[in-house]
Amino acid sequence: MSHAPVYDPQEVETRWQQRWTERHTNEPELDRPARPFYNLMMFPYPSAEGLHVGNMFAFTGADIYGRFQRLQGYDVFEPIGFDAFGIHSENYALAVGTNPAQLIPRNIDTFRRQLRRFGGMFDWRHELSTTDPAYYKWTQWLFLQLFKANLAYKKRAAVNWCPKDKTVLANEQVINGRCERCDTPVEQRSLDQWFFRITDYAERLLRNLDTLDWSESTLALQRNWIGRSEGAELVFTTPAGQAITVFTTRPDTVFGATYLVLAPEHPLVEALTAGEQRAAVRAYQREVQSRDVVARRVGEKVKTGVFLGSYARNPATGEAVPVWIADYVLMEYGTGAIMAVPAHDERDHAFATQFGLPIRQVVQVEGEQGAALPSVTEDGVLMNSGRFDGLACREGGKRIVAWLAEQQVGTPRVQYRLHDWCISRQRYWGPPIPIIYCDRCGPVPVPERDLPVLLPPIEDFRPDDSGVSPLARHTEWYNVPCPHCGSPGRRETDVSDTFLDSSWYFLRYPSTEFADRPFDPARTRTWLPVTSYIGGNEHAVLHLLYSRFITMVLKEQGHVAFEEPFPKLRAHGLIVKDGAKMSKSRGNVVIPDAYIKQWGADTFRMYLMFLGPFQEGGDFRDEGITGVRRFLEKVWVLAHDAAGQADARPPEAVERKLHQTIRKVTGDTATLNYNTAIAAMMEYVNVLREHGAGSGSSVRPLVLMLAPYAPHLAEELWSLLGGGDRSVFEERWPAYDEGLAQAGDVEIAVQVNGKLRARLQLPRGASQDDVVALALADAGVKKFVDGNPLRKIVYVQDRLVNLVV
RNA sequence: GCCCGGGUGGCGAAAGUGGUAGACGCAAGGGACUUAAAAUCCCUUGGGGGCAACCCCAUGCAGGUUCGAGUCCUGCCCCGGGCACCA
């Protein structure tokens, strides 16, 4: 009969959260840590709705890992902050008609309260927000470093434009080619925008991936995004001598190139258009432009295009092939021009069929017959290709490029899908790009001593029809003297992309108290690169790629000593609701507050982790939560009972299970298999209860193992079991003894012809002869052996024996 | 279309290198305690057959390798996520 008091999670949890704050439990020594461990999780964007279950799932998983490492004896630094700039905040602010500068602090307050309540091991001394001038001063500084290194440049690029709202739209604000607010069809506009030369680093970004300990899924996403392809640039020449350079990954098929297609924006279009085609070409260019940036890509794949009225010479065949423009060729990739091989490319085939262009087969694939078959495989043999006939595609391609290179009309070439990073946003809610335009000096960087360029607190932050940021209306702010020559200048009015804010926040955390430097060299040496990064694959490409790029640049400039910020990264799974991603529009977003109130943070944390494998995610259903709560109550009672008893050595069966459990939980926690670690602890509790109850020596290790998962409860029970005033997180993770974990008896499966027929309970280490003899003596086995001679015996020590007859 | 994950009981899920499928939990059914209910505790629970001890069938589908396949190989189907006219 237990005399344990009632488990009241609210009371226990608030009490321990207070103590953690008072005693600075979660604040490691940053300057002289013995064993630094930087435990990073992806900082949230503080939405008005508050932290949702998806955030909590991610943070809990990362927090368990941090707490586990702390119990291993590391000085764990687990910071948190807020990614509070950006279009989401701004759109919400527009919707409610309040300046985001007023809204964001409120949202952050809510998040801070929720993050404390769930029991994260956060070092709040080092909280940061990207909207804090003390932070974005250094975001602007970062821009200046790239500018000075000639890695930032300005270029005209298309943006989405809503003609009714007269504003620039982000891609995510365009729904089916229409403005998400007013449903007006969106157009393209060309604006001068700032870009970072991330493509200069494409090869390094790709190659380094092989050295990183990352989730396979994240690596794959990043490799695809960088999108390396090998091919060649080939030159087609017009009778007038104009060279049209195309990029192809299949130079082996050049003999089948029966026409050329340029992107409608290609600079040569004007010069290549014959007089009689002028009107049609203009009309087509206008039509393409009238579509938004998104529709150009995801629109129907019906091929459209116009003949320019001119021809160019195929460098391989010497024949004149017609030159077209079509929107299926993109200016941003390759050279903006392609040679079309309709016999072996689906898109070219569709286009050629539609416009009656010739199709010539140049690859024969074994087993495939017929000239009209568009085969894109590489394991074919060349045909209709002059002296290259009969060569395998790969080999033939190489020789054709070499041959064309001799004539100066071919070069091997590697292409990346990755584009330069456009960081300009014609918006209000971001860090102003620190550039001043001067008529005499051109674009002049704001001197570092003048940073930050403060975002002015303006009344009307609505984007307007000028196509420039609302900041342009703030004349006091906008008009400044040129830092070079002092003549009247104008500020850059675009702000930078939020991804720039988040591309370096991990460098800032250990150094938040330094106002005069972005990151302190000594602190950075101690704490970086990040020891463990846990986050979702929604950031697999943009954030994780930009952070790597920025770190490479900082390394080159001597600001940091490493070029990969996250040597170890694990992607967690997605929490879905009723089989679908949670989103405001679906109305299936789960807010954790009510669950924490009803069940307590410890129960809710464990429930989220018990739902399924952390790295796979799962469907949120609240039915199972009661099982976790029951488990914690059992632990509560066991600990209270044990606290009142003499500390006896547990019975053998309990001791064995204990050591097996420590082994299992240690391994599973280290590999983020939290669901099975929890199951193992449940099994152990079941065994303890079967043996009546536990003593201190059998319950204390359980409390330690539970601590990362249910930190408040563990603290409470640890102090009850003699921990005194010390936090359980000052203790060490329990060790297991392999000998004690080994079972005395084992169950050996007996199979006849691979089918299970009996099980034998035997002492560990029984010999094959003994096992076979005992197996043959078993009535059930005898029946199936049926007097036949044994043809073969398969014996696996302490596991099974298979008798083959 | 391409690239990643997945498909196992009523449900969430377990099964180091091929070796006793379904641990752990939920739900459900039965029982104990109770005036009663809740809570708690005990038992049952993949499907089928048999009074039984046992037997047969079962890890998306179809083949294959093996003494033995949820696990490996080949070809499909379905679901989730990412990219998407990238030449």
Side-chain angles (χ1 to χ4, degrees), chain A residues 2 215-225 227 229 231 246-250 253 257 261 296-303 326-330 332-341 344-348 350-351 376 415-419 537-538 540-541 571 573-574 576 579-581 607 610-613 615-628 630-631 633-634 637 664 667 673 675-686 689 747-760 779-780 783 791-796 799-805:
Chain A
S2 172
S215 293
E216 258 324 303
S217 57
T218 316
L219 289 172
L221 285 164
Q222 217 164 87
R223 286 196 183 102
N224 281 345
W225 188 263
S229 1
V246 302
F247 173 73
T248 177
T249 54
R250 294 299 301 273
T253 63
V261 188
R296 165 81 175 266
R297 295 166 178 278
V298 297
E300 292 165 55
K301 305 283 166 76
V302 175
K303 293 286 178 287
D327 69 348
Y328 83 92
V329 175
L330 308 173
E332 316 86 86
Y333 185 77
T335 60
I338 61 151
M339 63 173 204
V341 185
H344 304 291
D345 181 278
E346 253 179 85
R347 296 153 302 182
D348 297 344
F351 192 84
V376 288
Q415 261 299 323
Y416 300 92
R417 236 191 45 142
L418 183 69
H419 295 349
N537 264 342
E538 67 271 21
V541 285
L574 200 67
V576 298
K581 206 164 154 176
Y607 166 63
F610 192 51
L611 203 82
Q615 294 180 77
E616 282 170 34
D619 206 347
F620 182 87
R621 289 165 207 274
D622 45 20
E623 290 108 44
I625 197 165
T626 170
V628 172
R630 278 180 203 151
F631 165 69
E633 297 211 355
K634 287 173 192 170
V637 170
K664 175 82 176 154
N673 292 114
N675 56 333
T676 48
I678 293 169
M681 290 189 272
M682 287 174 166
E683 281 189 59
Y684 178 56
V685 163
N686 291 343
R689 286 159 53 85
E747 193 177 66
I748 295 177
V750 180
Q751 297 180 341
V752 178
N753 292 338
K755 280 194 183 255
L756 180 72
R757 295 303 177 190
R759 299 157 211 257
L760 300 172
K783 187 166 74 185
R791 288 199 291 123
K792 187 174 178 182
I793 295 168
V794 181
Y795 181 68
V796 183
R799 282 210 85 108
L800 66 68
V801 63
N802 186 11
L803 308 173
V804 185
V805 296

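Each chain gets a letter, A, B and so on, in the order its sequence line appears, and its residues count up from 1.
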Quiz item: What one-letter contact string describes nucleotides 44-58 of chain B from 5' to 3', where B marks a base within less than 4.0 Å of any protein heavy atom, S marks contact via sugar-phosphate atoms alone, and - marks no contact?
Solution: ----------SSSS-

Measuring only the [atom1] atom in each nucleotide, how far is [N] from [M]? A whole number of Å is fine.
{"N": "B:rC85", "M": "B:rA14", "atom1": "C1'", "result": "45 Å"}
{"N": "B:rG46", "M": "B:rG12", "atom1": "C1'", "result": "16 Å"}
{"N": "B:rG5", "M": "B:rU74", "atom1": "P", "result": "15 Å"}
{"N": "B:rU34", "M": "B:rG25", "atom1": "C1'", "result": "28 Å"}
{"N": "B:rC83", "M": "B:rG19", "atom1": "C1'", "result": "41 Å"}
{"N": "B:rU59", "M": "B:rA69", "atom1": "C1'", "result": "11 Å"}
{"N": "B:rG9", "M": "B:rA58", "atom1": "C1'", "result": "10 Å"}
{"N": "B:rC4", "M": "B:rA15", "atom1": "C1'", "result": "24 Å"}

Quiz item: So which one's nearest nucleotide on RNA chain B is more toward 5', A:K634 or A:E216?
Solution: A:E216

Quiz item: Closest nucleotide of RNA chain B for A:L221 versus for A:G227: which of these residues is on the 5' side?
Solution: A:L221

Quiz item: Does the side chain to side chain contact (heavy atoms under 4.5 Å, CB included) test come out yes or no for A:N673 and A:T676, once each step is laid out?
Solution: CA-CA 6 Å; A:N673 292 114; A:T676 48; 3.5 Å; yes

Length of the line joining [X]:[atom1] and [N]:[atom2], which is rounded to integer Å:
{"X": "A:E683", "N": "B:rA15", "atom1": "CD", "atom2": "C1'", "value": "12 Å"}
{"X": "A:R799", "N": "B:rG68", "atom1": "CZ", "atom2": "C1'", "value": "13 Å"}
{"X": "A:I748", "N": "B:rG68", "atom1": "CD1", "atom2": "P", "value": "21 Å"}
{"X": "A:F631", "N": "B:rA13", "atom1": "CZ", "atom2": "P", "value": "20 Å"}
{"X": "A:D345", "N": "B:rG1", "atom1": "CG", "atom2": "P", "value": "16 Å"}
{"X": "A:D619", "N": "B:rG81", "atom1": "CG", "atom2": "P", "value": "12 Å"}
{"X": "A:E623", "N": "B:rA28", "atom1": "CD", "atom2": "P", "value": "10 Å"}
{"X": "A:L611", "N": "B:rA14", "atom1": "CG", "atom2": "C1'", "value": "15 Å"}

Using a cut-off of 4.0 Å on non-hydrogen atoms, how would the nucleic acid contact of [X] be classed: base, sugar-phosphate, or nothing?
{"X": "A:R759", "value": "base"}
{"X": "A:N537", "value": "nothing"}
{"X": "A:D348", "value": "nothing"}
{"X": "A:R630", "value": "sugar-phosphate"}
{"X": "A:L800", "value": "base"}
{"X": "A:E747", "value": "base"}

Out of [options], which nucleotide sits closest to the side chain of [X]?
{"X": "A:F610", "options": "B:rG19, B:rA14, B:rG25", "value": "B:rG25"}
{"X": "A:V804", "options": "B:rC41, B:rC67, B:rA87", "value": "B:rC67"}
{"X": "A:D327", "options": "B:rC85, B:rC26, B:rC24", "value": "B:rC85"}
{"X": "A:V329", "options": "B:rC41, B:rC4, B:rA87", "value": "B:rA87"}
{"X": "A:T626", "options": "B:rA87, B:rC26, B:rU20", "value": "B:rC26"}
{"X": "A:R417", "options": "B:rC26, B:rA23, B:rC83", "value": "B:rC83"}
{"X": "A:P613", "options": "B:rA13, B:rA87, B:rA23", "value": "B:rA13"}
{"X": "A:M682", "options": "B:rA87, B:rA23, B:rG25", "value": "B:rG25"}
{"X": "A:N675", "options": "B:rC26, B:rU20, B:rA13", "value": "B:rA13"}

Quiz item: Is the distance from OP1 or OP2 of B:rC83 to the nearest side-chain N or O of A:R223 less than 4.0 Å?
Solution: no

Quiz item: Does A:S229 have a side-chain nitrogen or oxygen under 4.0 Å from the phosphate oxygens OP1 or OP2 of B:rA87?
Solution: yes

Mate of [N] where both pairing distances stay under 3.5 Å, Watson-Crick or G-U:
{"N": "B:rG12", "answer": "B:rC24"}
{"N": "B:rC2", "answer": "B:rG82"}
{"N": "B:rC41", "answer": "B:rG31"}
{"N": "B:rG70", "answer": "none"}
{"N": "B:rU65", "answer": "none"}

Output the distance between atom [atom1] ([X]) and atom [atom2] ([Y]), rounded to the nearest 0.5 Å.
{"X": "A:K664", "Y": "A:M681", "atom1": "NZ", "atom2": "CE", "result": "11.5 Å"}
{"X": "A:K755", "Y": "A:N753", "atom1": "NZ", "atom2": "CG", "result": "10.0 Å"}
{"X": "A:I625", "Y": "A:D622", "atom1": "CD1", "atom2": "CG", "result": "7.0 Å"}
{"X": "A:R417", "Y": "A:R223", "atom1": "CZ", "atom2": "CZ", "result": "15.0 Å"}

Self-check item: Check: A:K634 and A:R689 side chains under 4.5 Å, non-hydrogen atoms
Solution: yes

Quiz item: Do A:V804 and A:I793 have side-chain heavy atoms sitting under 4.5 Å apart?
Solution: no

Practice problem: Go through the steps to decide whether A:F631 and A:F610 satisfy the test side chain to side chain contact (heavy atoms under 4.5 Å, CB included), and finish with yes or no. | Solution: CA-CA 12 Å; A:F631 165 69; A:F610 192 51; over 6 Å; no

Quiz prompt | A:V801 vs A:V796, side chain to side chain contact (heavy atoms under 4.5 Å, CB included): CA-CA, chis, key distance, verdict | solution = CA-CA 6 Å; A:V801 63; A:V796 183; over 6 Å; no

Self-check item: Side-chain donor/acceptor contact of A:Q751 with base of B:rG19 under 3.5 Å
Solution: yes

Quiz item: For A:D348, does its backbone N or O pair with a side-chain atom of A:D345 as donor and acceptor, under 3.5 Å?
Solution: yes

Quiz item: Base of B:rG9 relative to its sugar, syn (within 90° of 0) or anti?
Solution: syn

Exercise. Could you go through the side chain to side chain contact (heavy atoms under 4.5 Å, CB included) check for A:Y328 and A:I338 one step at a time?
Key: CA-CA 10 Å; A:Y328 83 92; A:I338 61 151; 3.8 Å; yes

